[in-house]
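One structure is given here, and the rest of the page talks about it.
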Amino acid sequence: MTITAANRPFRPYGAGHEIFSDRSKELILVGPAGTGKSRAILEKCHAIAEKYPRSRGLFLRQTRHSLTESALVTFEEKVVPEGHAILQGAARLNRHSYVYPNGSEIILGGMDKPTKVMSTEYDWAYIQEAIELSEDAWEAVTSRLRNGVMPYQQLIADTNPDKPTHWLKARIDAGRTKALQSFHRDNPVFWDQERNDWTDRGREYVLGTLANLTGPRRGRLYLGQWTGAEGTVYEDSWDARKNILPRFEIPREWPRYWIVDFGFTNPFVWQAWAEDPDGRLYRYREIYKTKTLTEDHALRILQLTKNEPRPVKIICDHDAEDRATFEKKTGLKTVAAKKTVSDGIQAVAARLREAGDGRPRMFFLEGSLDERDQELAAAHKPTCTEQEFDGYVWDQRSGQKKGDQPMKEDDHGMDTTRYMAAEKDLQPKRVRPVGTDYAI
Ligand SMILES: Nc1ncnc2c1ncn2[C@@H]1O[C@H](COP(=O)(O)OP(=O)(O)O)[C@@H](O)[C@H]1O
Ligand SMILES: [Mg+2]
């Protein structure tokens, strides 16, 4: 078998070039999406493994699943020469590590199963998309870097920027982690160095997809700025650290609610919620997907929930045809959502905030998503409800003020979440009209 990387040459520029000679203990490449951060680091990792026999490295991301879908794809399809010995054995998803003929090894892991990766020692670690991790996790990794086979030990990471108050930004500003900036012009796939101009793909992706993003996502992924979510609808209430919870087994007796927002070009969103005895709500399953028929979603939902109690209520967006299809396929009755916006938003905000007992009353369980929509992911759109909060902003165009109306963009999970809160908290008081006879 021929070993060749000729069909996918790596041409390093800028920070992607600098990292090869940089031996800082903590080094991070920061930049917008698609500048070549991950590719450059993966190239360095592979080179290190080949250069230092019996060295041990770690590829780490917040979840093992996201590592498999991103870094490992680039690594196997672009970085490692075709036919290389390390590609033999388990398929990407089930693989524990890459074992090199020279005795080097690269272990693969996610912080969703930390004990697996934290129980051993490494010469180097690559943390992909570092903003997703906690600082505790980052520091735990640094404490594992003492294998001593290489002349230096290194934590190397990449990330898109996040909000200005992120711990990682503070760590960089304090000089504890060395940051190198990465730009779209460093990536030869998007920028032609000779012509000093965008390539066709660069024009499409950077000037098309990224430049057209909105809110903080645009600042972070197109411009590469640590930028906050200013003017977001839930800025005083949503806190991912408090409103997102690790998964747990939901007791059977907790009532369930399904909320549906129909869509085809826009994502179809289905959320399954459970209510604890204190009235707190937990979104524990979700479909967030484009280009799938309502009837197929309905069948998938039945499959996903076949061992669960039936919902006490199914609350739907108003589309009559979709509702009829959904009812027919599931054999379950639906009700129309209460769609008023302002009071619905206030109901959600009130639940997201900590109540008197110090806990919010609305939670999103990790790992709820059925299947990540790859098209949405490629377009850097939200791929689940949690990801909408940061970009859900007030419409402040043409004289409108904060608090008037939210922008109707990437708001499908926001709508379903609002229908859930409205169902619980905005029930109209049922006043019996005088003189009506209710006997039937
Ligand atoms: N220096 C380079 N030479 C060749 N291809 C590159 C280079 N940098 C990036 N690429 C390609 O561009 C695409 C995006 O790069 P990636 O590393 O995923 O970007 P980022 O991690 O910054 O979002 C990948 O397909 C990658 O293989
Ligand atoms: Mg990357």
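Atom set for the values below is all heavy atoms of this structure, side chains included, hydrogens, waters and symmetry mates excluded. We count ligands from 1, going down the list as the structure has it; atoms in each ligand are counted the same way.
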>> So which atom in Thr292 and which in His297 form the shortest heavy-atom distance, rounded to 0.1 Å?
In response: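 Looks like CB-NE2, 3.3 Å.
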
> What is the minimum heavy-atom distance between Tyr234 and Met414, and which atoms define it?
Replying inline: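 Taking every non-hydrogen atom into account, CE1-SD, 3.9 Å.
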
> Out of Arg280, Lys242, Arg359, which one pairs with Glu354 under the salt bridge (Lys or Arg N to Asp or Glu O under 4.0 Å) rule?
Replying inline: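 That would be Lys242.
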
>> Please determine whether side-chain hydrogen bond (donor to acceptor under 3.5 Å, both in side chains) holds for the pair Thr416 and Asp261, giving the CA-CA distance in whole Å, both sets of side-chain angles, and the decisive distance to 0.1 Å.
In response: CA-CA 6 Å; Thr416 40; Asp261 185 20; 5.9 Å; no

>> Any donor-acceptor pair under 3.5 Å linking the side-chain atoms of Ser70 with those of Gln128?
In response: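 Indeed, the side chains of Gln128 and Ser70 share at least one donor-acceptor pair under 3.5 Å.
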
>> Under 3.5 Å, is there a donor on one side chain and an acceptor on the other for Asp158 and Tyr126?
In response: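 Asp158 vs Tyr126: donor-acceptor pair found between side chains.
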
> Leaving out waters, which are not shown anyway, how many protein N, O or S atoms lie closer than 2.8 Å to the Mg ion (ligand 2)?
Replying inline: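 Of the protein's nitrogen, oxygen and sulfur atoms, 1 lie under 2.8 Å from the Mg ion (ligand 2).
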
>> Using 30° and 60° as the class boundaries, would you call the ring planes of His46 and His84 parallel, tilted or perpendicular?
In response: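 Because their plane-to-plane angle is over 60°, the rings of His46 and His84 count as perpendicular.
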
> Looking at Tyr282, Tyr288, Trp273, which hits ring pair (Phe, Tyr, Trp, His ring centres under 6.0 Å) with Phe364?
Replying inline: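 It is Trp273, the one option of Tyr282, Tyr288, Trp273 that forms the ring pair (Phe, Tyr, Trp, His ring centres under 6.0 Å) with Phe364.
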
>> Between Arg171 and Glu26, does any side-chain N to carboxylate O distance fall below 4.0 Å?
In response: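 Yes, this pair counts.
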
Protein N/O near ligand 1 N/O, under 3.5 Å, which pairs?
| unit_1 | atom_1 | unit_2 | atom_2 | d |
| --- | --- | --- | --- | --- |
| ligand 1 | 1 (N) | Arg11 | O | 2.7 |
| ligand 1 | 3 (N) | Arg11 | N | 3.1 |
| ligand 1 | 5 (N) | Arg39 | NH1 | 3.4 |
| ligand 1 | 8 (N) | Asn187 | OD1 | 3.4 |
| ligand 1 | 10 (N) | Asn187 | OD1 | 3.3 |
| ligand 1 | 12 (O) | Asn187 | ND2 | 3.0 |
| ligand 1 | 17 (O) | Ser38 | N | 3.3 |
| ligand 1 | 17 (O) | Arg39 | N | 2.8 |
| ligand 1 | 19 (O) | Gly36 | N | 3.1 |
| ligand 1 | 21 (O) | Ser38 | N | 3.0 |
| ligand 1 | 21 (O) | Ser38 | OG | 2.8 |
| ligand 1 | 22 (O) | Thr35 | N | 3.0 |
| ligand 1 | 22 (O) | Thr35 | OG1 | 3.3 |
| ligand 1 | 22 (O) | Gly36 | N | 3.0 |
| ligand 1 | 22 (O) | Lys37 | N | 2.9 |
| ligand 1 | 22 (O) | Lys37 | NZ | 2.7 |
| ligand 1 | 23 (O) | Gly34 | N | 2.8 |
| ligand 1 | 25 (O) | Lys78 | NZ | 3.0 |
| ligand 1 | 27 (O) | Arg39 | NH1 | 2.8 |

